[in-house]
Amino acid sequence: MLFTLTTLVFTLPALINAAPVARVRAVGACAAKPTASSLTSDDLVGLGAVADCSAASFPDECRNATQAAPFVDKAFADFGINTAGEKAALLSLMLFESGGFAFNVNHFPEPGRPGQGTRNMMNFPFILQYALDTPAVADQATALVGANITTPDAVPPETQTAVRELVLTDEFSFASAAWFYKNSGSNDKCQDIPGLVAGLQAGTEDGWTNYITQCVGTTAEEDRKAGWQKALDLFNAMWYVSDLRQP
Ligand SMILES: *[C@@H]1O[C@H](CO)[C@@H](O)[C@H](O)[C@H]1NC(C)=O
Ligand SMILES: *[C@@H]1O[C@H](CO)[C@@H](O)[C@H](O)[C@H]1NC(C)=O
């Protein structure tokens, strides 16, 4: 840590001359260090996000990396996702589930599962929970499901899709992974699972595996793991020159 900072201070003047918002990439930053910097489109493309949606199979759903970056940052800020480990886990999940932000709803096998969607591709019971928990659309969701509010499985497919529609806007769709991590869980609430948050914040593989299997409720496959590792490396290395000017 100390060595890294010393190195950065010596290289600062050159970077400031280069550009007012030049970013310094510090190798070997602490895993649990909060990262305040913004994502760039290059950051996201490097992690597998779509750079250009013009050839996308579902152009209405696709968001290029330039479009996506501010919504990812906003979701992290709004839900208090501050550590590299947590950001890496949530962002890599979204990228994996949405094909690099090409998809906003489930399509496969065709015609796709009614009610499943947003960038972390949540199943309907969670889509409904999310809509009911989101003040701007909660009343509409309540009206749509009527008496089935306590039995999401009974909600007819067309109604599931109508509820999903309420949370597909960029602001809500890019925030659902953060909402899920903070307020829900595949079984128990993620935040209530002993050691889960601490493990994810520490950026350990065990912490991430626990998040994927216990919180998200899926399997910790190799390609998911590779995506998380890449995202973790990115967030661990993220600094702005302006961060260093703060006392
Ligand atoms: C990304 O989307 C924005 C907004 O639609 C557009 O202006 C920009 O050209 C797109 N970038 C690429 C590389 O396609
Ligand atoms: C509630 O579920 C039942 C069973 O699927 C269905 O017949 C009924 O239309 C649903 N009510 C609403 C308001 O969706």
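Everything numeric in this text was worked out from a predicted model, so none of it was measured. Counting starts at 1 for both ligands and their atoms, in listed order.
By the 4.5 Å heavy-atom criterion applied to side chains, Asp60 and Asn104 are not counted as neighbours. Considering only heavy atoms from C-beta on, Cys215 comes within 4.5 Å of Leu196 through its side chain. By the 4.5 Å heavy-atom criterion applied to side chains, Leu39 and Leu234 are counted as neighbours.
Backbone and side-chain nitrogen or oxygen atoms of Ala154 are examined, and one is located within less than 3.5 angstrom of a nitrogen or oxygen of ligand 2. Considering backbone and side-chain atoms alike, Thr159 places every N or O at 3.5 Å or more from each N or O of ligand 2.
Ring orientation note: the planes of Tyr130 and Phe172 are nearly perpendicular, at an angle over 60° on the 30°/60° scale. In this structure, His107 and Phe58 have parallel ring planes: the angle between them is below the 30° cut-off, well short of the 60° mark.
In this structure, Val145 is part of the shell of residues with a heavy atom less than 4.0 angstrom from ligand 2.
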* Audit row: Phe108, Phe103, ring-ring contact (aromatic ring centres under 6.0 Å, His included) steps and yes/no -> CA-CA 11 Å; Phe108 311 106; Phe103 306 115; 5.8 Å; yes
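With respect to the salt-bridge test (charged N to carboxylate O, under 4.0 angstrom), the residues Arg119 and Glu61 do not qualify.
Atom CD of Glu165 has 12 or fewer heavy atoms from other residues, nucleotides or ligands within 6.0 Å.
Every protein residue with a heavy atom nearer than 4.0 Å to ligand 1 is included here: Ala51, Asp52, Asn64, Gln67.
When each atom of ligand 2 is checked for a heavy atom of Asn148 under 4.0 Å away, the hits are 1 (C), 2 (O), 3 (C), 8 (C), 10 (C), 11 (N), 12 (C), 14 (O).
Contacts of Pro156 with ligand 2, taken as heavy-atom pairs under 4.0 Å, involve the side chain alone.
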